[in-house]
Amino acid sequence: MVTSVNPNTELSRCFASSLRPSYSKPNSSQTQLCRLSSGSLSNTFSGLSMAPSTEISRSRPIFSLSKNESGESASGNGGLTYKDAGVDIDAGSELVRRIAKMAPGIGGFGGLYPLGDSYLVAGTDGVGTKLKLAFDTGIHETIGIDLVAMSVNDIVTSGAKPLFFLDYFATSRLDVDLAEKVVKGIVDGCQQSDCTLLGGETAEMPDFYADGEYDLSGFAVGIVKKDSVIDGKNIVAGDVLIGLPSSGVHSNGFSLVRRVLAHSGLSLKDQLPGEAITLGEALMAPTVIYVKQVLDIISKGGVKGVAHITGGGFTDNVPRVFPKGLGAVISNGSWEILPVFKWIQEVGRIEDAEMMRTFNMGIGMVLVVSKEASHRILEDGNGAYKAYRIGEVVRGEGVSYS
């Protein structure tokens with residue numbers, strides 16, 4: 001059953017268990033409430049979005065904000081880490097290394113599948129423990145935007161235009177009103193990225209999730225001509241790094257955020273110190289969907305590589321687009337550090353290097369462009385959107401700061 005939502009967005013949800021009798025023994029642990037519409041593509045494979053870690057230079061402080069209330073450096077001993085919060089990036093990188101032995105070619109932001117003179121580009125992701133904050137704040141209307149953003153922002157790094165999106169919504173007991181709010185956010189995200197919500201799955205799994213909680217996954221497929229793929233192969237030393245601003249934490253690092261919040265003694269209803277919004281509002285700000293902006297910039301030429309700054313921050317994501325033997329120098333103070341990141345670092349006494357390997361720090365997408373293209377992009381950035389010159393490509397590997 002396909003229900004028309006708007007000219008660019010379709011929602012296909014088949015409530016099979018309620019629309020036709022079951023002639024097989026029901027599965028008591030999971031009721032399948034949704035199935036894809038006919039004509040959907042299959043046999044695509046998505047590359048995983050993690051990469052081996054890259055050493056980060058600590059020769060100079062990254063921020064001038066790295067002092068707590070007593071004046072001590074936040075990069076001193078005793079600060080919180082992502083691993084302390086339960087997320088081991090190195091273990092994830094090791095798993096990707098092992099999977100790569102079985103499925104060579106993975107590791108990009110999206111998986112490419114040849115189709116005539118084009119590639120289908122597929123990506124999949126969730127929103128992590130940002131969901132915990134959605135449960136605590138009751139803000140469910142925008143978490144679907146996050147879900148769409150995490151996948152479409154990945155596949156646009158190859159220059160692909162998103163075609164369609166699929167979602168997976170799982171819960172112990174289906175609250176129709178709550179689920180409608182979540183799906184409304186997914187529809188909004190698809191509209192922002194100009195793609196079709198083609199279908200999804202609603203799984204009701206008693207006893208598997210706590211009451212009132214749910215989990216989300218998303219899957220996006222796009223397309224790009226083979227001769228237009230952005231793959232980083234032509235990047236050279238001297239190329240410029242252009243950063244596009246984020247709206248906040250986006251959808252990564254929330255295990256550490258929640259640890260910092262608990263350490264702070266504040267609640268999500270309390271005001272973000274020095275700001276006019278609550279911590280809950282600041283942390284739940286929906287992820288920016290960069291699709292239209294990035295495709296517009298790419299269409300004007302000079303873009304050689306694009307990195308989506310998600311888990312792993314600058315440290316692990318920027319080097320993923322470089323040919324072997326190249327790295328990046330990022331200029332301190334070249335963009336605005338959002339207040340929420342200053343608060344996280346100060347309260348958690350988190351080292352600069354840990355911040356840069358966990359959070360986007362105010363830059364959600366990095367474009368590697370020629371010097372000539374950088375001038376045009378920065379000039380355009382004074383009008384319709386913001387853009388920052390945040391560094392350049394250098395010989396050597398890894399990311400350093402100056």
Side-chain angles (χ1 to χ4, degrees), residues 49-51 53-54 56-58 61-66 68 74-75 79-90 92-93 109 125-133 146 149-150 153-154 241 243-264 272-273 275 279-288 290 307-320 328 330-366 388 390-391 399 401:
S49 299
M50 299 186 71
S53 63
T54 307
I56 184 171
S57 170
R58 301 191 189 185
I62 299 169
F63 318 118
S64 60
L65 59 99
S66 303
N68 59 27
S75 57
L80 296 175
T81 69
Y82 208 9
K83 190 171 183 178
D84 291 338
V87 179
D88 189 338
I89 295 176
D90 292 324
S93 297
F109 289 98
D125 212 333
V127 295
T129 59
K130 188 173 187 175
L131 283 172
K132 287 284 190 182
L133 272 66
D146 292 305
M150 295 306 291
N153 285 345
D154 271 354
L241 303 184
L244 305 181
S246 71
S247 59
V249 183
H250 281 182
S251 300
N252 292 98
F254 276 90
S255 294
L256 182 52
V257 167
R258 291 185 300 109
R259 183 66 63 90
V260 170
L261 182 64
H263 184 73
S264 73
L272 175 64
E275 302 299 315
L279 281 165
E281 291 167 339
L283 294 170
M284 287 298 294
T287 305
V288 175
Y290 296 97
H308 185 199
I309 308 304
T310 58
F314 287 86
T315 309
D316 287 0
N317 286 299
V318 172
R320 291 169 63 181
I330 293 180
S331 303
N332 297 333
S334 56
W335 74 92
E336 180 184 0
I337 304 295
L338 299 177
V340 68
F341 294 114
K342 298 177 182 180
W343 177 81
I344 289 169
Q345 181 170 27
E346 181 177 319
V347 173
R349 300 184 62 196
I350 302 171
E351 292 187 9
D352 290 340
E354 188 72 14
M355 292 292 292
M356 294 300 282
R357 199 186 181 200
T358 304
F359 301 109
N360 66 63
M361 300 308 299
I363 297 292
M365 194 75 81
V366 173
Y388 301 95
I390 66 169
V399 179
Y401 300 85

Next item on the list: Kindly write out the residues that satisfy ring pair (Phe, Tyr, Trp, His ring centres under 6.0 Å) with Phe314, not counting sequence neighbours, or none if the list is empty.
Entry: Trp335
Does some side-chain heavy atom of [Y] sit less than 4.5 Å from a side-chain heavy atom of [X]?
X: Phe109; Y: Arg320; value: yes
X: Leu133; Y: Leu261; value: no
X: Ser246; Y: Ile309; value: no
X: Phe359; Y: Leu256; value: yes
X: His250; Y: Thr310; value: no
X: Tyr401; Y: Asp352; value: no

Straight-line distance of [X] [atom1] to [Y] [atom2], nearest 0.5 Å:
X: Arg258; Y: Leu283; atom1: CZ; atom2: CG; answer: 11.5 Å
X: Asn360; Y: His308; atom1: CG; atom2: NE2; answer: 8.0 Å
X: Ile390; Y: Met361; atom1: CD1; atom2: CE; answer: 12.0 Å
X: Leu272; Y: Lys342; atom1: CG; atom2: NZ; answer: 10.5 Å
X: Met356; Y: Phe341; atom1: CE; atom2: CZ; answer: 10.5 Å
X: Met284; Y: Asp146; atom1: CE; atom2: CG; answer: 6.5 Å

Next item on the list: Evaluate side-chain contact (heavy atoms from CB on, under 4.5 Å) for Val249 paired with Ile344, printing each intermediate quantity in order.
Entry: CA-CA 10 Å; Val249 183; Ile344 289 169; 4.1 Å; yes
Do you know which two heavy atoms are closest between [X] and [Y], and how far apart they sit?
X: Val399; Y: Thr315; result: CG2-O, 4.2 Å
X: Lys130; Y: Pro286; result: NZ-CA, 4.3 Å
X: Ala307; Y: Val318; result: CB-CA, 4.1 Å
X: Ser247; Y: Ala285; result: O-CB, 3.9 Å
X: Pro339; Y: Glu275; result: CG-OE2, 3.5 Å

Note to self: Check whether Asn252 reaches the backbone of Thr358 with its side chain - one donor and one acceptor, N or O, closer than 3.5 Å.
What the structure shows: no
Item checked: Derivation of the side-chain contact (heavy atoms from CB on, under 4.5 Å) call for Val288 and Leu244 -> CA-CA 10 Å; Val288 175; Leu244 305 181; over 6 Å; no
